[in-house]
Amino acid sequence: MNLENRVALVTGAGRGIGKAIALELAECGADIVFTNRTPALAEATRAEVESKGRRCLSFQADVGDREQVERMVAEALEAFSKIDILVNNAAITRDTLLMRMKPEDWSEVMRVNVDGMFYTTRAVVKPMIKQRYGRVINIASVVGFTGNAGQVNYSTAKSAVQGFTKSIARELGSRNVTCNAVAPGFIETDMTRKLTEAQQQAIVDQIPLGRIGSAEEIAKVVRFLASDDAAYINGETLHVNGGMY
Ligand code: NAP
């Protein structure tokens with residue numbers, strides 16, 4: 001799964017799954033461009049990518065802000081000439097029950113998780129179409145398929161990833177730009193560390209493998225989809241959840 005001479009843009013790679021993806025792609029030879037919001041975390045990811053001998057550019061860009069995304073993509077293209085792989089990973093949660101959910105809990109999750117995926121993909125596919133090569137990989141979630149009490153906003157946004165992925169696959173397949181998704185189950189990151197011990201145990205009880213997954217286990221699947229071994233996979237979602245769905 002050689003990714004030498006490839007350039008990958010990973011959104012939300014300051015920590016968690018995005019960071020693991022950036023490091024995994026760099027390990028296989030790709031140069032990395034990534035976004036997050038927190039400068040200190042960006043510095044750590046950048047140092048680790050560069051320690052693998054790869055070039056790395058980081059941007060403090062909010063994926064839900066169209067202008068910031070377009071500026072970032074233009075600067076990345078100027079620096080690295082191309083983007084071959086896009087991983088739409090950045091996302092947030094604003095969990096609460098529907099009856100308590102404020103309109104801003106809903107709209108902020110849609111802005112970052114759905115608008116962000118749209119802005120970033122739209123900016124990146126233009127050069128991909130031109131070069132007749134691209135891999136778009138969207139990070140979905142098991143709750144986009146099962147739903148989850150307390151996550152009406154987040155699970156709706158994650159369901160949207162499916163329609164987006166399948167439509168891009170149909171639209172851009174003829175240009176050798178594929179679009180696939182990876183749907184993690186419950187993975188140990190800051191997102192799930194927010195849950196109480198009892199909530200975490202209730203989740204583990206539903207997982208046939210009997211444990212929460214690691215960010216690296218998601219990153220390896222993204223690396224596969226980014227590689228030439230996955231050249232004929234298009235419009236697909238790979239579920240990585242220990243068998244819970
Ligand atoms: P995380 O630990 O909360 O990390 C989220 C990352 O996204 C951080 O780097 C964060 O930047 C960045 N980010 C958040 N909002 C952003 C914005 N507006 N613009 C740019 N970057 C932004 O999350 P995670 O658990 O690694 O989740 C990564 C992906 O996997 C998400 O799409 C999530 O929905 C999905 N997922 C996770 C799980 C799970 O169990 N963890 C399960 C299913 C799906 P800062 O560090 O600067 O805040």
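Every heavy atom of this structure was used, including side-chain atoms; hydrogens, water molecules and symmetry mates were not. Both counts, for ligands and for their atoms, begin at 1 and track the order of listing. Quick caveat: nothing in here was measured; it's all calculated off a predicted structure.
Using a 4.0 Å cut-off between heavy atoms, Asn36 contacts ligand 1 through both its backbone and its side chain. Using a 4.0 Å cut-off between heavy atoms, Ile92 contacts ligand 1 through its side chain alone, with no backbone atom that close. Residue contacts with ligand 1, taken as heavy atom pairs separated by less than 4.0 Å, involve Ala140 solely via the backbone atoms N, CA, C and O. Only the side chain of Thr192 comes within 4.0 Å of ligand 1, counting heavy atoms alone; its backbone N, CA, C and O stay farther away. Within the 4.0 Å heavy-atom criterion, neither part of Lys19 lies near ligand 1.
In this structure, of Thr120, Ile21, Ile139, Asp62, the residue bringing a heavy atom nearest to atom 30 (O) of ligand 1 is Ile139. For the residues Arg37, Arg193, Arg15, the heavy atom positioned nearest atom 4 (O) of ligand 1 is part of Arg15. Summarising the contacts of atom 25 (O) of ligand 1 with Thr189, Asn88, Ile203, the nearest heavy atom is found in Thr189. Among Ala61, Ala13, Gly14, the residue whose heavy atom lies closest to atom 20 (C) of ligand 1 is Ala61.
Close approach to Ile17 involves these atoms of ligand 1, each under 4.0 Å from a residue heavy atom: 26 (O), 28 (C), 30 (O), 37 (C). Annotation for ligand 1: atoms under 4.0 Å from non-hydrogen atoms of Leu41 are 46 (O). For ligand 1, the atoms sitting less than 4.0 Å from at least one non-hydrogen atom of Thr38 are 45 (P), 46 (O), 47 (O), 48 (O), numbered in the order shown with element in parentheses. Which parts of ligand 1 touch Lys158 is read off a 4.0 Å heavy-atom cut-off, strictly below it: atoms 31 (C), 32 (O), 33 (C), 34 (O). Set against the non-hydrogen atoms of Phe186, the atoms of ligand 1 under 4.0 Å away are 40 (O). Residue Asp190 approaches ligand 1 through these ligand atoms, each under 4.0 Å from one of its heavy atoms: 2 (O). Close approach of ligand 1 to Ile187 (heavy-atom distance below 4.0 Å) involves ligand atoms 39 (C), 40 (O), 41 (N). Under a 4.0 Å criterion applied to the non-hydrogen atoms of Val112, ligand 1 contributes the atoms 15 (N), 18 (N).
Taking a 6.0 Å sphere around CD of Gln201, one finds it holds more than 12 heavy atoms contributed by other residues, nucleotides or ligands. Within a 6.0 Å radius of CZ in Arg100, no more than 12 heavy atoms belonging to other residues, nucleotides or ligands are found. Surrounding CG of Asn5 are at most 12 heavy atoms belonging to other residues, nucleotides or ligands under 6.0 Å away.
To the nearest 0.5 Å, the span separating CD on Glu24 from CD1 on Ile32 amounts to 10.0 Å. The distance from atom CZ of Arg193 to atom CD1 of Ile212, rounded to the nearest 0.5 Å, is 10.0 Å. Atoms CG and CG, on Leu9 and Asp84 in that order, are 11.0 Å from each other to the nearest 0.5 Å. Taken from OG1 in Thr120 to CZ in Arg122, the straight-line distance is 10.5 Å, to the nearest 0.5 Å.
Val63 N, 3.0 Å is the protein heavy atom nearest to atom 19 (N) of ligand 1. Nearest protein neighbour of atom 23 (O) of ligand 1, counting heavy atoms only, is Met191 CE, 3.7 Å. Annotation: atom 5 (C) of ligand 1 to nearest protein heavy atom, Ala91 O, 4.1 Å. Among protein heavy atoms, atom 36 (N) of ligand 1 sits closest to Tyr154 OH, 3.5 Å. Nearest protein neighbour of atom 22 (C) of ligand 1, counting heavy atoms only, is Ala90 CB, 3.7 Å. Nearest non-hydrogen protein atom to atom 7 (O) of ligand 1 is Gly12 CA, 3.4 Å.
One finds a salt bridge joining Glu217 and Arg211 here, because a Lys/Arg side-chain nitrogen approaches an Asp/Glu carboxylate oxygen to under 4.0 Å. The residues Arg111 and Asp62 are annotated as salt-bridged, a charged nitrogen and a carboxylate oxygen being separated by less than 4.0 angstrom. Electrostatic pairing of Arg54 and Glu50 does not count as a salt bridge here, judged by no charged N lying under 4.0 Å from a carboxylate O. Here Glu27 does not pair with Arg223 in a salt bridge; the nearest charged N to carboxylate O distance is not below 4.0 Å. A salt bridge links Asp190 with Arg15; the closest basic N to acidic carboxylate O contact falls under 4.0 Å.
Contact annotation: Gly185 has at least one heavy atom less than 4.0 Å from an atom of ligand 1. Within the 4.0 Å heavy-atom shell around ligand 1 one finds Asn89.
Linking Ile, Leu, Val, Met, Phe, Trp and Tyr residues whenever their side-chain heavy atoms come within less than 4.5 Å places Val7 and Leu172 in a single cluster. Two different hydrophobic clusters hold Met191 and Ile17 under the rule that ILVMFWY side chains link at heavy-atom gaps under 4.5 Å.
Looking only at side-chain heavy atoms (C-beta outward), Ile168 and Glu171 stay at 4.5 Å or farther from each other.
Close N/O approach between Gly64 and ligand 1 is not found [any backbone or side-chain N/O within under 3.5 Å].
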